[in-house]
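The next block holds one structure in the form of structure tokens; read it before the comments.
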There are 2 protein chains.
Amino acid sequence: MSRTARTRPTLEEVAAAAGVGRGTASRVINGSAQVSERARQAVEDAIAELGYVPNPAARTLKTQRTDAVALVIAESEERVFGEPFFAGVIRGIGTALSQARLQLVLLLAHTAQRGGQLDDYLTRQHVDGVLLLSLHDDDTLPERIRARGLPVVLGGRATEHQQGAFVDADNAMGARLAVDHLVARGRSRIATIAGPADMVVGRTRHQGYLDGLRAAGLAADASLVEHGDFSLDSGEAAMHQLLARRPDLDAVFAANDLMAAGALHVLREAGRAVPGDVSVVGFDDAPLAASTHPPLTTVHQSPDLMGREMVALLLDSMAHPDAPATPRLLETRLVVRASS
Amino acid sequence: MSRTARTRPTLEEVAAAAGVGRGTASRVINGSAQVSERARQAVEDAIAELGYVPNPAARTLKTQRTDAVALVIAESEERVFGEPFFAGVIRGIGTALSQARLQLVLLLAHTAQRGGQLDDYLTRQHVDGVLLLSLHDDDTLPERIRARGLPVVLGGRATEHQQGAFVDADNAMGARLAVDHLVARGRSRIATIAGPADMVVGRTRHQGYLDGLRAAGLAADASLVEHGDFSLDSGEAAMHQLLARRPDLDAVFAANDLMAAGALHVLREAGRAVPGDVSVVGFDDAPLAASTHPPLTTVHQSPDLMGREMVALLLDSMAHPDAPATPRLLETRLVVRASS
DNA sequence: CAACGTCGTGGGAGCGATCCCATGCAACCT
DNA sequence: AGGTTGCATGGGATCGCTCCCACGACGTTG
């Protein structure tokens, strides 16, 4: 523990201390069955005694595995941090990777380096696999990485027809649940504050909203649709528009909680009782959903699980490089609070 | 570019293709001056031709440098993500490290692994230096790492008398600026919604508040002090308390923007005009500060800069292992908006 | 013109692990 | 008793790089 250990001990020294050969010591460390109990004990004692830690560089050089995985986050999407949802995903990733004893190398992809520096880095020489979070529609990065023979898993889809392995929340079904719930509450003039039309999440949740209306036999009405950009401000602005256009609306489904919170403000200022006059449902089940006034009914999705599933998928493709990529849609569920 | 490159080329092959020896090729790659123009050109051409990327494991094994830096985030403080401030710090760290061509290894320290796994990882064998974000008061991790001979830099202080290298915002001066500003606006019954008393940030900003009062010749009054936990809710609760206790207050300094936003809500509901009756100043200059009603006057600090300074300090101690650690306090400045 | 730097160069040694092969030994079978 | 199997073992070769030393060619100097 408190030895000055200027230079770390090598496997050779451990073997010597244990009175065995290098090969046997290596076998103990890598958990081979072909070792006598006596030798195993001696080696383990020596390891503890000397405070031995295997040198990962030497191991990588020989095995051609790095035991590291890259998490790439596009700079333009750096809001990724700062959003509780992505924070949760990263946490899930971290947990799952550390259980698998893999290192997490964080790559914040600056526009400058996207050219080639990033691509050069994403090689078997540096990492065994790649996780990608939140890409643009047109990004060819996944294909480029795959072309280099590295397994990739995306968090969220970049397009509706995403190729390869990805993990995404079942956004359409989530939105559908929200609308079903509003219908069950007897609402019939259900407005939506949709996300940006140029983002898959936005489009998919909007589609789920439409599906829900159709299933309930309600007509889709463009005057009940307003788009926001997932920010609180945009939620407020959209709610103003909707109220002006359709003062008779009796429910609002917002594509995320932040916009729903904005809607709540505006409804309150406009003197509409929630949920008396208007029911409001959000999406995400973000921390703030529990502390709005009134607390927000919302569609729950689990960021932590998303991160863990991304890692699970990646481990799969690392183990079976030629198996076909299996996307995974994560279940959502409705959390009913006081706003509906 | 599009070659199938099943196995990456080695330095040996580059040298052969360029018609030079391994040594010369290595010199070109590492920018040695002792190379003829002709040889340099030949090697560079061969590198481009073959798509050569040096094998970092081999390099590390030989040089004993990893060219990687760990960023350790304590799990209990995982809110770190999800907060715009820390998101900015991480971004600054990422930028600075990539400019220095260092890799960022993210370690989310789970309580389980804190025991020894984490300690074992933090060795010269794995990383060249360590960045620590947001520790608990009693954490001995920095000392343990330093004992292993690894440079460490903290972001934020764990105690008032923090040993070693750290970067922190000048919180006391920032709070002082806020109070000075309120005094200049003619306010004299200045309340504060302070942070938790068991956090250095909370204590330091509170101290700055007291300093400001003293400088203005105003008496510190316990009835004008309420503590929150940096959340919006706690800001609202604190504001209720303050109003009940001191209906005559004419200004509030909140230790962060979120609590200030909570205070704004409560003041508005209580019918106090801001800034007519009460001036409000926050701390952080978080994104939300610009979109409160009214927009919030606040103390600006730059998370991005904090991240970059942490890296600068770390690079320093990596270059001069025996130089004394120099902490760095970052300037803050007041951003005056409509709330004061 | 011999002696001596200087400069560019090639290639050996070695970093610390893993893998594999050859070996020794005990146990089991005929 | 002799042969065969099986298991635990030690150590050589190897991964791809950097460092260092030795060497030849050239220019400078006494």
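The structure displayed is predicted, hence computed values, not measured ones. Quick note: numbers below take in every heavy atom, side chains included, and nothing from hydrogens, waters or symmetry partners. We name chains A, B, ... by the order of the sequence lines, and we start the count at 1 in each one.
Set against C:dC20, C:dC15, C:dA17, the side chain of A:Arg27 has C:dC20 as its closest nucleotide. Among the nucleotides C:dA17, D:dT9, C:dG14, the one closest to any side-chain atom of B:Lys62 is C:dG14. Closest to the side chain of B:Thr63, out of D:dC19, C:dT18, C:dG16, is D:dC19. Across C:dT9, C:dG14, C:dG16, the shortest atom-to-atom separation from the side chain of B:Val35 is found for C:dT9.
Axis angle across the helix from C:dC1-D:dG30 to C:dT30-D:dA1, with five pairs used at each end and values rounded to 10°: 50°.
For A:Arg59 and A:Thr63, the side-chain atoms include no donor-acceptor pair closer than 3.5 Å.
Between the CG atom of B:Asn55 and the C1' atom of C:dG16 there is a distance of 14 Å, given to the nearest Å. Following rounding to the nearest Å, A:Tyr52 (OH) and C:dG16 (P) show an atom-to-atom distance of 10 Å. We find that CG of B:Asn30 is positioned 15 Å from P of C:dT9, with the value rounded to whole Å. Residue B:Glu12 contributes atom CD, which lies 9 Å from atom P of D:dC17 at whole-angstrom precision. Per the geometry, NE2 belonging to B:His126 stands 14 Å off P belonging to C:dG16, to the nearest Å. Between A:Gln64 atom CD and C:dC19 atom P there is a gap of 11 Å when expressed in whole angstrom units. The distance between atom CZ of A:Arg59 and atom C1' of C:dG16, rounded to the nearest whole Å, is 11 Å. C:dC19 atom P lies 13 Å from atom CG of A:Leu61, rounded to whole Å.
Of the possible donor and acceptor atoms, one in the side chain of B:Gln162 sits under 3.5 Å from a partner among the backbone N and O of B:Ala158. Remark: side-chain polar atoms of A:Asn30 are not paired, donor with acceptor, to backbone N or O of A:Ser32 under 3.5 angstrom.
Note on A:Gln125: every side-chain N or O is 4.0 Å or more away from OP1 and OP2 of D:dG16. Proximity of B:Gln34 to the phosphate of C:dC7: no side-chain N or O atom is located under 4.0 Å from OP1 or OP2. Within the structure, a side-chain polar atom (N or O) of A:Ser36 is placed less than 4.0 Å from OP1 or OP2 of D:dT9. Between A:Ser26 and C:dA17 there is no side-chain polar atom (N or O) within less than 4.0 angstrom of OP1 or OP2. Here B:Thr24 reaches the OP1 or OP2 of C:dG10: one of its side-chain N or O atoms lies under 4.0 Å away.
Nucleic acid contact for A:Pro56: none, since no nucleic acid atom lies under 4.0 Å from a heavy atom of the residue. The residue A:Ala57 sits apart from the nucleic acid: no heavy atom pair falls under 4.0 Å. B:Arg22 comes within 4.0 angstrom of a nucleotide base, judged by non-hydrogen atoms across all strands. Residue B:Ala15 is classed as having no contact, given no heavy-atom separation below 4.0 Å to the nucleic acid.
In terms of position along DNA chain C, the nucleotide closest to B:Arg40 lies nearer the 5' end than the nucleotide closest to the other residue of the pair B:Arg40 and A:Pro54.
The shortest side-chain heavy-atom distance between B:Leu154 and B:Val167 does not fall under the 4.5 Å cut-off. Using a 4.5 Å cut-off on side-chain heavy atoms (C-beta onward), B:Val127 and B:Val69 make no contact.
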TODO: List the steps, then state whether side chain to side chain contact (heavy atoms under 4.5 Å, CB included) holds for B:Leu71 with B:Ile93.
DONE: CA-CA 9 Å; B:Leu71 171 60; B:Ile93 289 174; 4.1 Å; yes

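Between B:Asp128 and B:Arg65, no side-chain nitrogen of the basic residue sits less than 4.0 Å from a carboxylate oxygen of the acidic one, so the salt-bridge criterion is not met. Comment: B:Arg148 engages B:Asp120 in a salt bridge, judged by a side-chain N to carboxylate O separation of less than 4.0 angstrom.
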